[in-house]
Amino acid sequence: RAERNACLGEGLALALGLHIDPPTAAIVFRVKEKRLDFHPLGRVIAEMAYHPDLSPQMSRREALDTARTLFAQRGFRQ
């Protein structure tokens with residue numbers, strides 16, 4: 001079951017453009033018997049990956065600053 005969940009989670013992560021290892025993907029995307037759930041942090045990561053304030057053209061510094069702002073808006077502290 002754990003291996004199946006890791007494979008399904010990894011496939012979903014790759015489909016969303018998230019490059020994370022299979023064990024982490026299985027945690028981020030919780031595979032249940034009849035459904036697939038996001039871990040709350042996984043949902044935030046997926047939302048941020050496609051957030052309009054983040055773009056591939058940004059410098060690393062700009063992306064980190066924007067990500068920190070988006071996390072703070074969601075109640076996460078550094």
Side-chain angles (χ1 to χ4, degrees):
R1 186 191 260 274
E3 187 175 325
R4 175 183 150 257
N5 291 355
C7 289
L8 290 171
E10 181 184 25
L12 182 56
L14 289 174
L16 291 171
L18 304 172
H19 300 281
I20 54 179
D21 61 276
T24 303
I27 294 167
V28 171
F29 305 106
R30 295 176 178 171
V31 180
K32 308 277 183 170
E33 280 299 317
K34 298 187 181 203
R35 65 185 176 157
L36 178 70
D37 289 332
F38 275 100
H39 182 279
L41 187 54
R43 183 178 304 279
V44 170
I45 291 168
E47 288 172 0
M48 287 182 60
Y50 292 97
H51 197 282
D53 288 351
L54 290 169
S55 71
Q57 297 83 17
M58 293 179 133
S59 69
R60 181 177 172 82
R61 170 64 34 214
E62 290 173 311
L64 287 172
D65 289 344
T66 301
R68 284 187 186 100
T69 300
L70 294 173
F71 273 117
Q73 290 171 351
R74 286 164 175 76
F76 292 93
R77 301 247 186 253
Q78 214 179 11

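Just so you know, these numbers use all the heavy atoms, side chains as well, and skip hydrogens, waters and symmetry mates.
- Counting only heavy atoms from C-beta outward, the side chains of Phe71 and Met48 approach each other to under 4.5 Å.
- By the side chain to side chain contact (heavy atoms under 4.5 Å, CB included) test, Gln73 is found to be paired with Thr69, Leu70, residues two or more places apart in sequence or in another chain being considered.
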Return all side-chain donor-acceptor pairs below 3.5 angstrom for residues 58-65, not counting sequence neighbours, or 'none' if the list is empty.
unit_1 : atom_1 : unit_2 : atom_2 : d
Ser59  : OG     : Glu62  : N      : 3.1
Ser59  : OG     : Glu62  : OE1    : 3.3
Arg61  : NH1    : Asp65  : OD1    : 3.3
Glu62  : OE1    : Ser59  : N      : 2.8

